[in-house]
Protein chains: 4
Amino acid sequence: MKRKGPKYEKIIDAAVNVIAKHGYHQSQVSKIAKEAGVADGTIYLYFKNKEDLLVSVFNEKMGTFIEKTENELKSNDSAIEKLKTLVEMHFKQLTADFELSIVTQLELRQTNRQLRAKIGEVLKRYLNLIDSILKDGMDEGVFVRDMDYRLARQMIFGTIDETATNWVMNDHRYDLPALAGPVHQMLVNGLAIRSAQTETHS
Amino acid sequence: MKRKGPKYEKIIDAAVNVIAKHGYHQSQVSKIAKEAGVADGTIYLYFKNKEDLLVSVFNEKMGTFIEKTENELKSNDSAIEKLKTLVEMHFKQLTADFELSIVTQLELRQTNRQLRAKIGEVLKRYLNLIDSILKDGMDEGVFVRDMDYRLARQMIFGTIDETATNWVMNDHRYDLPALAGPVHQMLVNGLAIRSAQTETHS
Amino acid sequence: MKRKGPKYEKIIDAAVNVIAKHGYHQSQVSKIAKEAGVADGTIYLYFKNKEDLLVSVFNEKMGTFIEKTENELKSNDSAIEKLKTLVEMHFKQLTADFELSIVTQLELRQTNRQLRAKIGEVLKRYLNLIDSILKDGMDEGVFVRDMDYRLARQMIFGTIDETATNWVMNDHRYDLPALAGPVHQMLVNGLAIRSAQTETHS
Amino acid sequence: MKRKGPKYEKIIDAAVNVIAKHGYHQSQVSKIAKEAGVADGTIYLYFKNKEDLLVSVFNEKMGTFIEKTENELKSNDSAIEKLKTLVEMHFKQLTADFELSIVTQLELRQTNRQLRAKIGEVLKRYLNLIDSILKDGMDEGVFVRDMDYRLARQMIFGTIDETATNWVMNDHRYDLPALAGPVHQMLVNGLAIRSAQTETHS
DNA sequence: CATGAATGAGTGTTCATTCAT
DNA sequence: AATGAATGAACACTCATTCAT
């Protein structure tokens, strides 16, 4: 099982192209092979099976996605600024690759539980990034101290993801990175007016 | 095409059971028919085809889900309290029907774009509910006035949905309704400490 | 098994209509029942099964067809004139009922061997008519004496049938009865010029 | 879509065998594949679908049938002799392949209109052969000059086809090629005695 | 390394017929 | 006599994967 080489990457990229163009359920192995310019059987020299190929697509692309985000977060910025950077990077990177945004936001979600569990594994690195920002913020004393950090992480990721998915489903018709500011604002300050007496007691 | 009667409901319920137990891709029409105690062909007296059955499952179950939520929101409560009610109803109703929660949070998302488009139609009613709460809040002067209400809606739905999905993927191991308070708190007040000078400028 | 009554005939006629309009393979029992204005189950009070219905359609319609031809042949005409009458009656009757012509020439031929065997039984009466004309002609001394009468019958029926089928397949676009004369002429005198020395030796 | 190779021919031949043995409506793709010694899916490497396979069966077999007849007609014989050759070739070739005769005379006629339309296309080549013989005969002055050649063609084909069909339906019990002479004789000279005053006036 | 022909398991849907009312 | 809801057997076609070359 070769996991690198020029054909490995050609197949990965062909998979993204084919899935973005034809949709997940119309992305047969033979179609991906043709797009990559290799024989059907060659796919199986580089990937254990189709599921392995799809997970690898997500791995490779999300790996780069996460690394770039990690690099941007290495600054000495405050947690609040880091969160802003995270949202901006997320939206910018999706905007930089329309095909990839279709594949990750729409197509790869149509997979069975097993495949999505493996995709979830990859995502953990990204969720850890969010967790560390949250921890920083709590240590800095700017984020609510007794907050359930898992819930906070789910709010951040759920909001970013839902926003991105809506953008893709609306055919990328508007400027997603321009929403990073407002989204960040809402995550940090919530819906309620700051000056108001809006504290709720759960 | 009969759209009601005891068999109609038996088939809908059988579909939920089978999908929850075996997963979307292992839910053959014959399996659903057997679970419902009817012949395969009987399915087609009540539904145009398999897709129509699956959309109907979502329609029927989400219809009830949304109606119950709508009823709870008819009070004279403030927007902030209504939002709390919405989150609570969402989590309570999913908790009341484990099987349904598996079907809506995990299995029915594995469908093709066409089916998900139809599911999206049903969801619009729910998103409208959220929008009216947001509008109330802005009218009341408790929610940020110049907020992008679509983003706010995406934050609210994205957060609730992500929280619910995590709960289902963790095999319903913890008390979801207990999270309604903290989730609501975060949505309203954000991550930042109230007293702190946390205003961001986008 | 009631074999008569107003519904019996309504069903027979409905079958002809439906088959002519939708084609043999799109003529479900339920469609015929609807056209006849009766319940599906009622069909089975009058006919043993679908095959029995189709055979009955052919029986009833061809029965009338044959009887009318028989009546016209009761004259004291010569065999040659009787043959002319047979061809004329054949073409006239098909022209008088376009729907029936479609059903007998095109649609009912798409049936399995078993059904066509039963249809063949009905046709025997018609073939006997031809045989008696041939016998008359041989007795009169106008038809070749040592001719194989089965072959002659097959030539007559094959020619008439092929001519009629072509007419139906050409959407009844031309005047079929007008072809009775030329067809008769060819059957009686053959392709070769009379005066010529055209005798062949087999 | 491979249209040649040993498996292509094996599948064609298997289809003829299966259809002849089990009848058109009992000739499932899986049965044909088994008879051909290939997997079901292999059929679809060589044929677009089942209809394409059946049309191809007719094409291949009738193609050879027609070519052989065309070759025999390249002589300098008179039109009357050519007609004799045509009838003889027709009967001889059917006799040479009992299975094929069952398939073409009985089974392939049970198909829907669409398929028969495609079969009709192939038959046109054969009908053209008949037309050219008729034209030759009229040019030679041996066939009636003002004859409707389409009717003449229909008489010839209708007679041959009806004769062949009867032979197949009688389980090939008699010697079909032996009938070529009498059939030809009847087609050329008609039913009436040559010496008699049998001219009819239409 | 690479090929691509061959494999064969798996499933939504139709419709003739029945039978309780 | 008449109904029509219910039945359930039957089948063409796809596509991930293999393996001889």
Side-chain angles (χ1 to χ4, degrees), chain A residues 1-2 5-7 25-34 36-54, chain B residues 1-2 5-8 25-34 36-54, chain C residues 1-2 5-8 25-34 36-54, chain D residues 1-2 5-8 11 25-34 36-54:
Chain A
M1 191 93 354
K2 287 173 60 70
K7 292 202 174 167
H25 289 292
Q26 282 306 308
S27 296
Q28 296 84 354
V29 170
S30 61
K31 200 179 277 178
I32 294 171
K34 195 175 182 183
V38 301
D40 294 14
T42 304
I43 301 265
Y44 292 86
L45 298 175
Y46 292 87
F47 303 93
K48 192 162 142 257
N49 50 34
K50 190 180 181 182
E51 178 177 307
D52 183 35
L53 165 58
L54 295 174
Chain B
M1 192 97 344
K2 293 165 62 69
K7 296 212 169 150
Y8 177 79
H25 290 290
Q26 279 306 307
S27 296
Q28 296 87 350
V29 170
S30 60
K31 201 179 276 179
I32 294 170
K34 195 173 182 184
V38 301
D40 293 14
T42 304
I43 301 268
Y44 293 86
L45 296 177
Y46 293 87
F47 304 91
K48 194 162 140 261
N49 49 35
K50 189 180 181 181
E51 178 177 310
D52 183 35
L53 165 57
L54 295 175
Chain C
M1 191 91 359
K2 287 170 63 68
K7 292 203 174 165
Y8 177 79
H25 289 291
Q26 281 306 307
S27 297
Q28 296 85 354
V29 170
S30 61
K31 200 180 277 178
I32 294 171
K34 194 175 183 183
V38 301
D40 294 14
T42 304
I43 301 265
Y44 291 86
L45 298 176
Y46 292 87
F47 304 92
K48 192 163 143 258
N49 50 35
K50 189 181 183 182
E51 179 177 307
D52 183 34
L53 165 57
L54 295 175
Chain D
M1 192 97 346
K2 292 166 65 67
K7 295 211 169 150
Y8 177 79
I11 294 166
H25 290 291
Q26 280 306 309
S27 296
Q28 296 85 352
V29 170
S30 60
K31 203 179 275 178
I32 294 171
K34 196 174 181 184
V38 302
D40 292 15
T42 304
I43 302 266
Y44 293 87
L45 297 177
Y46 292 88
F47 305 92
K48 192 161 142 263
N49 49 35
K50 190 181 180 181
E51 177 177 310
D52 183 35
L53 165 57
L54 296 174

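Predicted model, so just to flag it, every value in this text is computed and none were measured. Lettering follows sequence order; numbering is per chain, from 1.
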Exercise. Atom NZ of A:K34 to atom P of E:dT3: distance rounded to whole Å?
Worked result: 15 Å
For this session: Using chain D heavy atoms and a threshold of under 4.0 Å, write down where along DNA chain F the contacts begin and end, 5' to 3'.
Result: F:dC11 to F:dT14
Problem set entry | Short side-chain to backbone donor-acceptor contact, D:K2 and D:Y8, under 3.5 Å | no
Problem set entry | Nearest-nucleotide comparison on DNA chain F, the residue closer to the 5′ end among D:H25 and B:D40 | B:D40
For this session: Taking the side chain as every heavy atom from C-beta outward, state whether C:L53 and C:I32 have any pair of such atoms under 4.5 Å apart.
Result: yes
Exercise. Heavy atoms under 4.0 Å, any strand shown: does B:Y46 hit a base, just sugar-phosphate, or nothing?
Worked result: sugar-phosphate
Seminar exercise, completed: Between C:N49 and D:A39, the residue closer to the 5' end of DNA chain E by nearest nucleotide is D:A39
Problem set entry | 5′-ward residue of the pair C:V38/B:G41 relative to DNA chain F | C:V38
Problem set entry | Between E:dC1 and F:dT21 - P atom distance, rounded Å | 23 Å
Seminar exercise, completed: Of E:dA16, E:dT7, E:dC1, the nucleotide closest to the side chain of D:L45 is E:dT7
Problem set entry | Value in whole Å for how far the P atom of E:dA16 lies from OH of C:Y44 | 6 Å
Exercise. Could you give the distance from CD1 (D:I43) to CD1 (D:I11), rounded to the nearest 0.5 Å?
Worked result: 4.5 Å
Problem set entry | Considering all heavy atoms, the nearest A:K31-A:Q26 contact | NZ-O, 2.9 Å
Seminar exercise, completed: Double-helix bend of the helix from E:dA2-F:dT21 to E:dT21-F:dA2, axes at both ends from 5 pairs, round to 10°, gives 10°
Problem set entry | Rounded distance in Å - CG (B:L53) to C1' (E:dG12) | 12 Å
Exercise. Does C:S30 make a side-chain N or O approach to OP1 or OP2 of E:dC15 shorter than 4.0 Å?
Worked result: no
Exercise. In whole angstroms, how far is the C1' atom of E:dG4 from the CD atom of A:Q28?
Worked result: 16 Å
Exercise. Which whole-number value in Å describes the distance from C:D52 CG to E:dA16 C1'?
Worked result: 14 Å
For this session: For B:Y44 and B:N49, work out which heavy atoms get closest and say how close.
Result: CE2-CA, 3.8 Å
Problem set entry | Minimum heavy-atom distance between D:F47 and D:D52, given as atom pair plus value | CA-OD2, 3.5 Å
Exercise. Within this structure, what is the NZ-to-P distance between B:K48 and E:dT13, rounded to whole angstrom?
Worked result: 9 Å
Exercise. Contact class for B:V29 (heavy atom, under 4.0 Å): base, sugar-phosphate, or nothing?
Worked result: base
Problem set entry | Given DNA chain E, 5'-ward residue of the pair A:K2 and B:S27, judged by closest heavy atom | A:K2
Seminar exercise, completed: Residue pairs passing the salt bridge (charged side-chain N to carboxylate O under 4.0 Å, His left out) test with at least one member in residues 40-51 of chain C, sequence neighbours excluded, are C:E51-C:K118
